[in-house]
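What follows is a single structure, written as structure tokens, with notes after it.
Each residue takes its place number in the sequence, starting with 1. Every heavy atom of this structure was used, including side-chain atoms; hydrogens, water molecules and symmetry mates were not.
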Amino acid sequence: MLQALEWILFGAVSVGAVAAGISRHRPARIGPWLMLAASVACLAVGDVFYAFAKFTASDVCYLTMFVFVVLALLQFTRGGAALLSRARLIDLLACAGSALLVVWVFGVGPNEQFATISAADVIGDLLLVIVAARLAAATWLNWSAVLLCTGAIAMLMSDIAYPLAPGPLAETGYMVLYLSWGAAALHPSMARLTDPASARPVPWDGRWAALLGLSVATPPLVLLTEAVSGTVTDGVAIAVTGLLTLVLTITRLADSVTQNSQSLTRERALREAGEALVAAADEAAVGTAVRAAVTQLLPPGTIHRIDFATDDRQLTVKPPPASAGTGQRSWWAPADPAVALSDVSDIPGVAADGPGPQDATLVCPLRLEPLAVARPHGGALILAGRHDILTAGRDVLEVLAGQAALALDRIALVEAVGRRDSDLYLRAVIRNTADLMLVIDEDQVIRYASPALKELLGTDGLPPFATLPDLVHPDDSSHVRRALRDEGDGILHCALRRPDDTQILVEATYRDLRKDRLVQGFVVTLRDVTKAHDPLERIPHVEHVDELPAWVNRRSAQHKFRY
């Protein structure tokens with residue numbers, strides 16, 4: 001009775017520790033830890049039955065424990081950061097289980113010294129140790145994985161030692177199992193075992209497929225060999241090994257089918273998105289195509305917000321430090337419910353509720369270095385949703401962002417070519433006219449100037465990237481720069497400065513066409529008013545003299561004092 005109470009206490013403490021660890025650390029997926037808690041509970045119930053000499057019930061509980069352990073390990077290795085691809089691990093486990101069965105039946109089993117050891121328990125323990133050791137090796141310095149491996153090794157040692165020499169010392173391994181698995185759930189590193197990561201597809205290899213097929217065929221062949229030779233003495237071990245290899249094979253095939261289905265879905269979605277992006281004529285059409293592609297690439301209800309910004313100045317997240325580059329064309333930003341992203345409530349397949357505790361924000365820049373001149377301000381595709389889904393689809397989202405960047409660069413280049421052709425047409429039409437006309441970009445750089453301006457300034461040409469404030473008198477440059485920063489049309493009066501330090505008084509009429517798709521800048525018409533008798537007659541009346549340009553004050557003084 002005391003021994004039964006002891007196992008109940010150990011089991012309750014271990015299961016409670018797992019529940020407390022899940023509640024405290026909130027891993028990305030709680031399924032593996034729930035399966036682990038169920039396996040510990042089955043082990044404790046089996047130990048209680050064993051203490052009351054209910055051996056049949058205890059064997060059933062022990063086998064059920066291995067079922068939950070297998071399910072827990074399959075969950076640990078599915079889409080987690082610990083094992084980016086579990087295909088090779090499944091192949092090795094199936095091969096190891098079949099090899100251990102052959103060794104046990106034809107090598108260890110006939111030896112009467114080891115007849116009391118349960119072959120099914122030892123084979124299951126060895127497979128558990130292999131997977132736990134692989135997890136510990138993949139997540140270096142992860143104490144949770146190390147504790148899981150420690151518990152598996154301790155159970156293997158007790159399963160071998162207790163049948164040979166029953167006693168309290170041989171049961172120490174089971175106590176270590178309870179305590180180490182409970183401590184593994186309580187340690188903060190337990191959350192990293194289920195952190196999502198991008199899956200790496202494994203190429204088809206005929207040798208590994210043959211090895212998996214041989215592993216599946218081994219248990220029936222061993223059973224057939226024992227049946228032909230006389231009496232089947234290892235039926236339980238053969239059944240357990242056959243069940244394990246069958247579960248591993250089905251899992252391997254299910255993973256392959258799932259990966260193939262996901263690849264086909266992503267390929268079709270990217271192809272449709274590519275067709276829509278090629279046909280897009282403006283930035284709004286590109287944004288619509290990208291949002292439609294996101295809803296096809298990611299599962300419904302997993303994305304809460306989508307922001308498609310075509311300019312870095314529109315972003316609500318900060319780029320990562322330059323020294324933190326990881327070789328990928330995207331980065332993670334903190335999921336903030338207060339971040340004002342675009343409303344996606346009207347987009348099918350997008351969740352309308354806010355971010356959850358396991359949500360994150362992925363930022364995919366819309367910048368291609370070879371074509372950075374076409375759109376120097378870049379932009380980004382920002383998605384807020386479930387961390388595991390965004391991690392699994394990170395590569396394909398980067399590809400989608402690259403296609404969108406190509407479409408935006410194409411649109412920008414087409415518009416630039418159209419503006420260049422318009423400038424050439426304008427130059428050909430007004431080449432011999434005396435009117436002065438300028439086309440100024442949003443950053444105030446002169447994109448086009450009529451030939452008459454060169455004659456007026458007495459120069460052979462304008463310097464590269466020259467601006468209108470660079471051509472005017474220093475006293476008028478701030479006034480001109482401020483006027484071209486504001487919205488709307490207007491008239492400027494300023495003085496142009498010639499190389500011989502003489503000044504030319506001009507009246508500049510400008511139109512704000514920055515929102516025009518073909519112009520995207522200011523169109524300025526200059527008129528020489530140097531020879532006017534009174535410049536005040538050509539200036540609109542203002543109440544405050546300080547608002548007049550500096551050249552007006554200079555001309556007024558010259559007119560008044562005749563100097």
Side-chain angles (χ1 to χ4, degrees), residues 373 416 419-514 516 518-540 542 547-563:
V373 178
R419 289 193 299 269
R420 185 201 62 181
D421 294 340
S422 300
D423 294 343
L424 293 176
Y425 174 78
L426 183 63
R427 182 178 302 172
V429 171
I430 66 172
R431 183 175 185 85
N432 297 324
T433 183
D435 293 338
L436 303 179
M437 183 174 295
L438 302 176
V439 179
I440 301 176
D441 289 332
E442 187 175 2
D443 54 0
Q444 301 189 8
V445 175
I446 299 176
R447 190 171 75 218
Y448 168 78
S450 58
L453 180 63
K454 302 176 184 178
E455 300 178 1
L456 182 63
L457 295 177
T459 60
D460 297 333
L462 298 178
F465 304 104
T467 63
L468 182 57
D470 296 338
L471 304 180
V472 302
H473 194 274
D475 294 339
D476 299 333
S477 60
S478 60
H479 175 63
V480 173
R481 189 177 293 106
R482 184 171 58 254
L484 294 180
R485 275 201 303 261
D486 298 336
E487 296 183 358
D489 305 338
I491 299 177
L492 288 173
H493 295 86
C494 57
L496 300 181
R497 186 174 55 181
R498 305 185 65 177
D500 56 359
D501 291 335
T502 59
Q503 301 180 24
I504 303 172
L505 308 181
V506 295
E507 179 185 74
T509 303
Y510 62 91
R511 295 182 59 195
D512 186 2
L513 299 178
R514 286 177 291 183
D516 189 280
L518 297 178
V519 180
Q520 297 186 5
F522 291 91
V523 176
V524 182
T525 303
L526 301 178
R527 188 162 63 93
D528 185 2
V529 295
T530 306
K531 299 179 181 180
H533 295 289
D534 190 356
L536 292 176
E537 297 176 358
R538 304 180 183 271
I539 304 293
V542 293
E547 297 180 2
L548 294 175
W551 69 269
V552 175
N553 296 330
R554 293 196 300 271
R555 293 287 295 171
S556 300
Q558 292 175 359
H559 179 72
K560 181 175 182 180
F561 298 103
R562 298 290 191 271
Y563 69 92

message: I'd like to check the side-chain contact (heavy atoms from CB on, under 4.5 Å) partners of Thr502; sequence neighbours left out, ordered by chain and number.
response: Arg498, Asp500
- prompt: Who are the side-chain contact (heavy atoms from CB on, under 4.5 Å) partners of Asp501, not counting sequence neighbours?
  reply: none
message: Looking at Ser450 and Met437, would you say the former's side chain and the latter's main chain have a donor-acceptor pair under 3.5 Å?
response: yes
Any residue meeting side-chain contact (heavy atoms from CB on, under 4.5 Å) with Asp512, in chain and number order, not counting sequence neighbours: Glu487, Asp489, Arg514, Phe522
Distance in Å, Asp528 CG paired with Ile504 CD1, rounded so as to fall on 0.5 Å steps: 6.0 Å
- request: Answer yes or no: is there a donor N or O on one side and an acceptor on the other, between the side chain of Asp476 and the main chain of Ala495, under 3.5 Å?
  value: yes
- prompt: How long is the gap from NE2 on His493 to NE2 on His479, to the nearest 0.5 Å?
  reply: 9.0 Å
- request: Name all residues meeting the side-chain hydrogen bond (donor to acceptor under 3.5 Å, both in side chains) criterion together with Thr467; count only those two or more places apart in sequence or in a different chain, and write none if there are none.
  value: Asp470
Test side-chain contact (heavy atoms from CB on, under 4.5 Å) applied to Leu526 and Leu438, step by step: CA-CA 8 Å; Leu526 301 178; Leu438 302 176; 4.1 Å; yes
task: Could I get the full list of side-chain contact (heavy atoms from CB on, under 4.5 Å) partners for Thr459, not counting sequence neighbours?
output: Leu457, Pro499
query: Can you check whether Thr509 reaches Val524 side chain to side chain, under 4.5 Å on heavy atoms?
result: no
query: So do the side chains of Tyr510 and Leu492 get within less than 4.5 Å of each other, counting heavy atoms only?
result: yes
query: Hey, does Ile446 have a side-chain heavy atom less than 4.5 Å from the side chain of Leu471?
result: yes
query: Quick one: CG on Asp443 to CZ on Phe465, what's the gap to the nearest 0.5 Å?
result: 9.5 Å
Heavy-atom side-chain proximity of Val529 to Val506 below 4.5 angstrom: no
- prompt: Of the non-hydrogen atoms in Pro469 and Ser477, which two are nearest, and what is the gap between them?
  reply: O-CB, 3.7 Å
task: May I ask you to test the Glu507-Ile491 pair for a side-chain heavy-atom distance under 4.5 Å?
output: yes
- request: Look only at the side chain of Gln503 and the backbone of His473, and say whether a donor-acceptor pair between them is shorter than 3.5 Å.
  value: no
- prompt: Are side-chain heavy atoms of Leu468 and Leu484 found at a separation under 4.5 Å?
  reply: yes
